[in-house]
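These notes concern the structure reproduced below.
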Amino acid sequence: MEDTQTELDQLLEGLNEPQREAVTYGDGPLLILAGAGSGKTRVLTHRIAYLIATDHAKPSEIIAITFTNKAAGEMRDRAGLLVGRRVRAMWVMTFHSASARILRAHADKLGFTRQFTIYDQADSRRLVKRCLDDLGIDPKRYTPASIQHQISAAKNSLTSPDEYAQAVGSVYEQVVADVYGSYDRQLLRMNAMDFDDLLVRSVNLLELFDSVRHGYSTTFRHVLVDEYQDTNHAQYRWLQLLAGEHRNLMVVGDDAQCLVEGTLVMMADGSERPIELLNVGDEVLSAYREPARIVRTYRSTDRRDGVRIRTAGGRTLVSTREHTHFAGGLGDNSHQVAVISQVATIEGAPPLPMTPASSVRPGMLMFDAEQEYDVVLEVERVPLTKPVYDLDIEPTHNFIANGIVTHNSIYGFRGADITNILEFEDTFTDAKVIKLEQNYRSTQTILDAANAVIRNNRGQKPKSLWTEIGQGDPIKVRELDDEHAEARYVTGEIQRLIDEGSSRAEIAVFYRTNAQSRVLEDTLVRAEIPYQVIGGPKFYERMEIKDAIAYLTVLVNPQDVGAFTRIVNSPRRGIGSTSLSRVLGHANTVGGSIWDAASEPDQVPGLGAAAIKAFKRFMGTMHTLRERAEQNIPVAKLLNELLEESGYLEWLRAERTIEAQGRIENLEELGNVAAQYDVADTPRDGAEAGAEKSLGEFLQQIALVADADTRSDEEGLVTLMTLHNAKGLEYPIVFMIGCEEQVFPHSRALEEGGLEEERRLCYVGITRAERDLYVTYARTRTVFGARTFGAPSRFVGEIPEDLTDREVQAPRRFASIRARATQWNPPADAEAYEREQPAPTAYRLGDDVVHVAFGDGVVTGLEPGGIVVIRFSKDHSERKLVADLAPISKR
DNA sequence: ATCCTGATTTTTTTT
DNA sequence: AAATCAGGAT
């Protein structure tokens with residue numbers, strides 16, 4: 001008894017009041033709103049330990065869900081420190097791992113086998129492309145990427161292909177609907193699921209089979225979720241189903257601020273105000289749409305906003321989906337609910353008799369007209385009957401939680417749906433809300449900088465983070481010549497810090513895109529500083545690894561066409577696309593698996609003699625291997641035999657290139673991973689009976705562990721990663737590199753109006769730092785093989801001057817640039833070039849210039865006719881100016 | 001069926 | 001700069 005008491009005391013020691021309250025809170029739904037660095041992982045892990053110590057739950061009755069493997073690993077480790085080996089019985093994993101685990105036990109109920117293959121993004125993309133081809137859709141007009149994105153979005157909102165098809169409101173959506181349907185059928189046929197399916201299918205499973213749901217929801221007495229603000233609708237539903245029995249759902253969400261245009265809120269004191277004027281922390285009673293009229297013109301050819309105008313039989317029908325998506329004109333993923341109220345005018349047409357909308361059906365209008373007209377529609381934003389948070393709002397993701405204005409997400413691109421926090425409160429009206437506001441991580445300087453940056457996200461002052469740690473050193477902002485100079489600077493500083501006694505493990509470098517790591521890696525290698533890259537070009541995405549995995553996959557899941565086509569001709573065995581599609585077609589007509597069809601090539605009509613022979617040989621070895629696989633020999637052994645007997649290794653050896661050598665080494669590495677799996681004592685993470693060790697298990701494991709998630713904290717490595725990966729981590733010393741416009745904020749995000757999300761990312765980056773923060777940017781950088789000149793990131797400017805210690809290098813001449821510029825004009829064309837540009841401009845690429853109105857800028861391009869392209873640092877615009885006429889001068 | 005060449009695209013971010 | 005792709009030559 002006394003032991004228990006001291007154990008509890010230890011658990012609660014050093015927690016502040018709200019943290020302690022969260023840890024010890026009893027049964028029932030619990031929402032934790034936690035600011036950056038406020039110790040939410042701590043709260044989560046301590047609560048887990050507390051539940052066990054007080055016998056609220058057995059370890060096997062606890063499921064803790066995170067988004068990334070990294071976070072899951074960290075949570076597992078930290079919980080392990082508190083409860084010891086008992087963590088093994090808990091489910092501490094990502095949504096996807098847990099889903100896969102559940103599905104593996106019950107997939108047969110949904111028409112899959114438990115050997116189903118998991119398709120990653122690339123596999124899925126390929127399949128989408130194939131569906132496009134099959135349906136004869138022009139992949140130029142409808143890119144696989146965009147279709148895939150739409151399908152993914154549909155899945156994440158639990159919209160089935162049928163439901164999607166029902167709601168189609170444009171040609172584009174019709175295409176998506178067609179592909180979506182075909183794509184899903186293909187997956188089922190191939191016994192495969194994509195990442196989204198893992199969630200969707202497990203939701204289906206839990207919804208359709210009471211016994212299954214009952215089983216899991218009774219087992220999981222306590223469900224805990226990290227980064228709840230990043231959940232999408234499917235995940236929300238998933239949690240609901242699992243926590244439905246005991247209702248012990250604890251979610252932890254980060255906290256910031258956002259807004260929704262055109263929305264009014266009722267404040268706690270009864271006053272009404274636009275949501276734009278809310279501050280984080282304000283208390284709100286309710287929120288609702290301000291009714292508004294919008295007038296928009298649609299050409300009869302337009303396919304925007306789901307509006308369709310069709311003329312047939314002397315009548316014209318104007319229709320929208322009932323709840324169409326009126327973006328700020330921006331397409332499919334914005335969600336202002338509106339319906340057409342009436343056709344205001346029809347351009348170029350006499351007044352026409354109209355059928356009132358109501359007599360057709362909402363969102364439709366009909367009038368008599370022989371020809372198609374452009375129609376000006378009056379669109380009415382409908383006052384909502386639902387509470388405002390039933391909308392998923394993009395791109396800003398603003399929301400109100402529990403009556404308190406709060407947060408957003410950096411994972412908008414993945415379909416994250418902030419409204420879940422609201423629905424949480426809606427579903428669990430008795431939810432307890434606890435706010436964690438004190439920051440235990442960073443110096444006040446760093447917090448002030450983060451606050452200052454995030455303040456630019458329209459919603460004004462966020463709740464300011466505060467700390468007792470003290471002011472700390474100023475943020476070091478550095479401008480360098482180019483990415484190489486930047487890398488050298490960072491490397492030099494790291495060297496210095498290490499010499500002064502810092503440990504390498506205390507240092508992290510963040511960048512926006514994975515590609516940026518390369519230059520830095522080069523200099524780090526040269527400086528002999530050990531480092532690790534998190535994420536990035538993934539081991540499991542390498543060609544040879546994917547091939548090897550595809551071989552294994554085919555052995556386990558002979559229906560997997562994707563895997564089969566991948567390996568059938570690598571190494572080359574004389575089976576080209578023609579032969580393959582013959583066999584594929586035959587399999588389709590007969591209705592058998594690709595494996596079966598290929599096993600009997602004689603039966604395939606139109607297959608050439610050479611191809612038949614090739615197939616026989618190939619399938620011969622595959623059959624032998626399959627037998628071996630069924631004997632359940634160790635995976636590593638099977639892999640080895642497979643690589644030898646398929647001739648894959650032989651093929652690589654024959655290449656005799658360094659590259660092939662590298663591939664062989666990678667395959668050896670995969671062999672090591674397999675061997676490790678073979679000797680591991682349990683099939684990870686305990687609990688589930690029947691999850692015995694098998695090839696299938698192995699494949700699932702590596703499908704979900706995207707990277708060789710080997711972040712070793714202990715071994716004294718400097719850590720490199722993208723800002724996205726940095727989420728949830730902290731380091732004493734942080735470098736944020738590549739802080740230039742177009743890089744960060746990223747050009748593509750900028751185009752799509754994702755600036756605020758980028759800013760949030762910047763906020764995340766800054767708040768990772770405990771003690772020292774470096775922010776660097778380069779005057780020039782190579783992008784897509786071409787030199788570009790960038791302005792410093794606006795985020796740099798948003799950090800108050802007095803928090804920084806800015807050092808800007810004197811501009812250097814860009815000798816190498818000029819040398820390249822002359823190379824661009826081949827000697828033969830030199831004369832023509834001269835003629836076209838008679839007055840050689842006084843400007844060169846990279847020159848600093850001053851414009852009377854626009855201010856400072858840099859020359860980013862030269863065009864014929866004496867036109868210079870200048871990017872201005874003031875508003876980040878790029879303008880083309882006539883050099884001789886524009887009021888500009890060199891600086 | 002395979003290989004070669006020139007053209008085009010690619011870089012968000014994660015499971 | 002590197003990777004992927006399409007079309008054509010072998």
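Just so it is clear: chains get the letters A, B, ... in the order the sequence lines come, proteins before strands, and each one is counted from 1.
Put simply, NE2 on A:His149 is 11 Å from C1' on B:dT13, counting in whole angstrom units. As a whole-Å value, the separation of A:Arg125 CZ from B:dT11 C1' is 13 Å. Here B:dT13 presents its C1' atom at 12 Å from CG of A:Asp230, a figure rounded to the nearest Å. When rounded to the nearest whole Å, the span between CD of A:Gln121 and P of B:dT11 equals 11 Å. As a whole-Å value, the separation of A:Tyr119 OH from B:dT15 P is 21 Å. The NZ atom of A:Lys155 sits 13 Å away from the C1' atom of B:dT15 (whole-angstrom rounding). The distance from atom CG of A:Leu704 to atom C1' of B:dT15 is 7 Å, rounded to the nearest whole Å. In this structure, A:Leu755 places its CG atom 18 Å from P of B:dT13, rounding to the nearest Å.
With DNA chain B read from its 5' end, the first of the two nearest nucleotides for A:Phe95 and A:His746 is the one closest to A:His746.
Side-chain contact, A:Gln516 with A:Thr513: a donor N or O sits under 3.5 Å from an acceptor N or O. Side chain to side chain, A:Glu544 and A:Asn666 meet the donor-acceptor criterion of an N or O pair below 3.5 Å. Side-chain N/O atoms of A:Glu227 and A:Thr66 include no donor and acceptor closer than 3.5 Å.
Taking all atoms of both residues into account, the shortest heavy-atom contact from A:Ser99 to A:Leu198 is CB-O, 3.3 Å.
Nearest to the side-chain atoms of A:Thr722 among the listed nucleotides B:dT13, B:dT15, C:dA1 stands B:dT13. The nucleotide whose nearest atom lies closest to any side-chain atom of A:Thr513 is, among B:dT15, B:dT2, B:dT13, B:dT13. Picking from B:dT14, B:dT11, B:dT15 the nucleotide with the shortest atom distance to the side chain of A:His96 gives B:dT15. Set against B:dC3, B:dA1, B:dT14, the side chain of A:Thr578 has B:dA1 as its closest nucleotide. The side chain of A:His724 sits closest to B:dT13 out of B:dT2, B:dT15, B:dT13.
If you take atom P in C:dT4 and the same atom in B:dT13, they sit 15 Å apart, rounded to whole Å. Between C:dA6 and B:dT11, the two C1' atoms lie 23 Å apart (nearest whole Å).
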With ring pair (Phe, Tyr, Trp, His ring centres under 6.0 Å) as the test, would you mind laying out the steps for A:Phe744 and A:Phe795 before giving the verdict? CA-CA 8 Å; A:Phe744 184 38; A:Phe795 302 148; 5.1 Å; yes
Check step by step if side chain to side chain donor-acceptor pair (under 3.5 Å) holds for A:Arg488 and A:Thr523. CA-CA 6 Å; A:Arg488 281 195 301 273; A:Thr523 56; over 6 Å; no
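Proximity of A:Asn725 to the phosphate of B:dT14: a side-chain N or O atom is located under 4.0 Å from OP1 or OP2. Applying the 4.0 Å criterion to OP1 and OP2 of B:dA1, one finds that A:Asn569 has every side-chain N and O outside that range.
The residue A:Gln516 sits apart from the nucleic acid: no heavy atom pair falls under 4.0 Å. A:Asp196 comes within 4.0 angstrom of nothing in the nucleic acid, heavy atoms only. Residue A:Ser579 is in sugar-phosphate contact alone, with no base atom involved, counting any heavy-atom pair closer than 4.0 Å across all strands shown.
In this structure, A:Tyr216 has its ring center closer than 6.0 angstrom to the ring center of A:His106.
For A:Phe95, the ring-ring contact (aromatic ring centres under 6.0 Å, His included) partners are A:Phe67, A:Trp238, not counting sequence neighbours.
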Scan nucleotides 2-10 of chain C nucleotide by nucleotide, 5' to 3', and note B when protein non-hydrogen atoms come under 4.0 Å of the base, S if they reach only the sugar-phosphate, - if neither. ---------
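Taking the 5.5 Å centre cut-off and the 30° plane limit, the aromatic side chain of A:Phe67 is not classed as stacked on B:dT15.
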